[in-house]
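Data first, discussion second: the structure below is written as structure tokens.
Side-chain atoms are counted along with the backbone in the values below, which use heavy atoms only and exclude waters and symmetry mates.
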There are 2 protein chains.
Amino acid sequence: MAAAATRQHIVEAADRLFYERGFEATAFADIAAATGLSRGNFYYHFKAKDEILDAVITLRLERIRLLLAGWLAAADIPVERIRSFIAMLIGNRAEIMLYGCPVGTLCAELAKLDHIASSRASELFTLFREWLAGQFSLLGRAADADALAMHLLMRSQGVATLAAAFRDEAFIRREVEAMSLWLESLSPAAPLPPET
Amino acid sequence: MAAAATRQHIVEAADRLFYERGFEATAFADIAAATGLSRGNFYYHFKAKDEILDAVITLRLERIRLLLAGWLAAADIPVERIRSFIAMLIGNRAEIMLYGCPVGTLCAELAKLDHIASSRASELFTLFREWLAGQFSLLGRAADADALAMHLLMRSQGVATLAAAFRDEAFIRREVEAMSLWLESLSPAAPLPPET
DNA sequence: GTCTATACGAAGATAGAC
DNA sequence: GTCTATCTTCGTATAGAC
């Protein structure tokens, strides 16, 4: 198998496992079992476990960029695009109820570990943040676009955390509906904070 | 030193470390360093690390009960009491920006570990949930009290997660202000969802 | 490139002295 | 009750055969 393909295979398995079990709790033996490769082989492709984490973050950054580009292309109006973001909570609800949000939980774990990749993981949030802010700007809310983006990100994170803690799908649906209504209620003229 | 006092000492050190570093990442050596005790001594007080975790959850449950009882006693009207909950984000902002919410991050870690104490950790959320729901009921919102409680919990969790990821105090203050306004806007007659 | 075998250290847990 | 010493397991990482 070509080196690049094997490497990709490892990174994708690690991506899944880091999400489901966490970074520290995932052992090379787990990745070996998932890929069918031997532990020793990993060191041909990566110098250390941290390097796999780095590759996983790079993979996620790239996938998020593609996701955002897709939402951008799929709809012409900003509200529709933002709705794609909100709909993600429904689309991924099964996994969210089991493992929370892959971005939020990774950032939380790395922050506690005081891990060197911590700031890089936060960039995963930044991608969503800036994309959402861009859409809110197009919506005529340039002045508070970033605050609105952070507000929506905040709600999605809160939903993911509680949905996982309580394994509650009805809660997700209810809050997604509330987010949609909040989005509808936004108008170019409306001032901050969002709820007024 | 009396057994009970030493035990308490260990549990309190573990409580701090589990918050700052996470459960798995905290080694007995860390607790030993924090308490000044030897590693071997822990096994006189606890059969295993999981038993320390259990004791930490018990401690947190008790502290939250006291906190909630305090908020109850400190104010006569429900809105004021709920404000105490919201104010917690400001009061604990320094630690939240470093380590997130102690309840949310513990639940997230244990869920990924598929740890036996996972459901017990969720009870930490349940305490807040039921207390908040009680206050919303007193506010005349008995019909959707639990949904309102979950909504507020959700926002606090989202704020904690993003505040930690971006180390952003201004964001906390802004969202706390928005939560306060949302709370003000609630009236006995207003229907669900919260924002309408 | 991928494997097996192994070194090395960290961490949980145990035994027994004091 | 608390300690030191030690066992054991596990996980990262390395060495070297194929």
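As rounded to whole Å, 10 Å separates atom C1' of dT2(C) from atom CD1 of Ile10(A). Rounded to an integer number of Å, the gap from NE2 of His9(A) to P of dG1(C) is 17 Å. Distance, His45(B) NE2 to dA13(C) P: 16 Å, rounded to whole Å. Tyr44(B) places its OH atom 18 Å from the P atom of dT4(D), with the value rounded to the nearest Å. Going from atom CD1 of Ile52(B) over to atom P of dA11(C) covers 14 Å, rounded to whole Å.
In this structure a side-chain-to-backbone donor-acceptor pair under 3.5 Å is missing from Lys112(A) to Gly100(B). For the pair Arg39(B) (side chain) and Ala29(B) (backbone), a donor-acceptor distance under 3.5 Å is absent. One N or O on the side chain of Arg120(B) and one on the backbone of Asp54(B) form a donor-acceptor pair closer than 3.5 Å.
Among pairs with a residue in residues 64-91 of chain B, those fulfilling ring-ring contact (aromatic ring centres under 6.0 Å, His included) read Trp71(B)-Trp131(B), Phe85(B)-Phe128(B), at least two apart in sequence or across chains.
Between Phe46(B) and Phe28(B), a ring centre-to-centre spacing not shorter than 6.0 Å is recorded.
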(message) How would you summarise protein contacts on nucleotides 11-18 of chain D per nucleotide, using B for base, S for sugar-phosphate only and - for none, with heavy-atom distances below 4.0 Å?
(response) SBBB----

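When distances are taken from the side chain of Ser38(B) to each of dG1(D), dT4(D), dG1(C), the shortest belongs to dT4(D).
Each of Arg155(A), Glu175(A), Arg174(A) was scored for a side chain to side chain donor-acceptor pair (under 3.5 Å) with His151(B), with one residue passing: Glu175(A).
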